[in-house]
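The structure appears below as structure tokens.
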Amino acid sequence: QVQLVESGGGVVQAGGSLRLSCAASGNIISILTMGWYRQAPGKQRELVANITSDGRTHYADSVKGRFTISRDNAKNTVSLQMNSLKPEDTAVYSCNADIVLAQRPLGYDYWGQGTQVTVSS
């Protein structure tokens, strides 16, 4: 059984900062790519940022220069530092991880429960 537990969402004024964290637990052999997605009301879920096991990152154009993704491979955690937040960043943010288990040697996608981020203008 694998769990991804997120923390750090909340309400912040435009221009403010929030930090999201996600911890993976279970019988994990290794974690490939970890990332954050978001879904705003009435919109499709979109990739915000992801990071590979060797530290390569990818960001959505809308968050480049404002958000920073990082991970701690020893602790199986991924974080998203969000600065200069805008009202359009308001969404449910979900952690995603491609996790290798003994019974899933090629990896399998797991998701956190989601955390609300609300940016007021």
Side-chain angles (χ1 to χ4, degrees):
Q1 190 82 4
V2 171
Q3 278 192 316
L4 298 182
V5 179
E6 300 142 341
S7 60
V11 179
V12 65
Q13 286 191 330
S17 298
L18 282 174
R19 185 177 180 85
L20 305 182
S21 295
C22 173
S25 62
N27 293 324
I28 296 169
I29 293 177
S30 65
I31 303 180
L32 306 174
T33 301
M34 302 185 82
W36 290 93
Y37 287 73
R38 68 185 181 187
Q39 186 167 21
K43 294 188 176 182
Q44 287 191 328
R45 184 171 60 193
E46 63 174 351
L47 173 67
V48 177
N50 61 23
I51 183 168
T52 63
S53 57
D54 59 355
R56 287 173 289 138
T57 59
H58 170 79
Y59 295 92
D61 287 343
S62 58
V63 307
K64 281 181 182 176
R66 300 188 297 123
F67 291 11
T68 302
I69 190 169
S70 60
R71 65 187 281 176
D72 184 329
N73 291 332
K75 297 181 179 179
N76 290 334
T77 59
V78 62
S79 297
L80 185 69
Q81 178 66 41
M82 304 185 293
N83 298 329
S84 303
L85 283 161
K86 304 175 181 180
E88 52 263 43
D89 293 318
T90 295
V92 174
Y93 285 69
S94 298
C95 174
N96 169 264
D98 188 3
I99 298 177
V100 176
L101 309 174
Q103 62 270 38
R104 295 187 184 275
L106 298 182
Y108 187 81
D109 260 0
Y110 289 90
W111 292 88
Q113 77 281 5
T115 185
Q116 178 70 45
V117 171
T118 302
V119 184
S120 61
S121 57

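Quick note: residue numbers are just sequence positions, from 1.
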Taking all non-hydrogen atoms of both residues into account, name the closest pair between [X] and [Y] and its distance.
X: L101; Y: I28; answer: CD2-CA, 4.0 Å
X: E6; Y: G114; answer: OE1-N, 2.5 Å
X: L20; Y: Y93; answer: CD1-CB, 3.6 Å
X: A24; Y: I31; answer: CB-CD1, 3.9 Å
X: L80; Y: A49; answer: CD1-CB, 4.3 Å
X: V78; Y: C95; answer: CG1-SG, 3.8 Å

Just do the side-chain contact (heavy atoms from CB on, under 4.5 Å) check on L47 and H58 with the steps written out, would you? CA-CA 9 Å; L47 173 67; H58 170 79; 3.6 Å; yes
Min side-chain heavy-atom separation [X]-[Y] under 4.5 Å:
X: T90; Y: E88; result: no
X: V92; Y: T115; result: no
X: L4; Y: I99; result: yes
X: Q81; Y: I69; result: no
X: T57; Y: N50; result: no

Do D89 and K86 sit within salt-bridge range, that is, some charged N less than 4.0 Å from a carboxylate O? no
Quick one: do [X] and [Y] end up in the same hydrophobic cluster if we chain Ile, Leu, Val, Met, Phe, Trp and Tyr together by side-chain heavy atoms under 4.5 Å apart?
X: Y37; Y: I51; answer: no
X: V12; Y: V48; answer: yes
X: M34; Y: Y59; answer: yes
X: V2; Y: Y108; answer: yes

For W36, does the six-membered ring have the charged nitrogen or CZ of R45 within the cation-pi criterion, i.e. under 6.0 angstrom from the centroid and within 45° of the normal? no
When you look at CD of Q113, are more than 12 heavy atoms from neighbouring residues, nucleotides or ligands closer to it than 6.0 Å? yes
Is it the case that more than 12 heavy atoms not belonging to Q13 sit under 6.0 Å from its CD atom? no
Distance-only side-chain donor-acceptor flag, S17 / N83, under 3.5 Å: yes
Dump the intermediate steps for side-chain contact (heavy atoms from CB on, under 4.5 Å) on R38 and S62, then the final yes or no. CA-CA 12 Å; R38 68 185 181 187; S62 58; 3.3 Å; yes
side-chain contact (heavy atoms from CB on, under 4.5 Å) for S79 and R71? Distances and angles first, verdict last. CA-CA 6 Å; S79 297; R71 65 187 281 176; over 6 Å; no
Drop me the distance from S30's OG to L32's CG, to the nearest 0.5 angstrom. 5.0 Å
Output for pair (S25 OG, K75 NZ), nearest 0.5 Å, gives 15.0 Å
Quick one: do V100 and L106 satisfy side-chain contact (heavy atoms from CB on, under 4.5 Å)? Show the steps, please. CA-CA 6 Å; V100 176; L106 298 182; over 6 Å; no
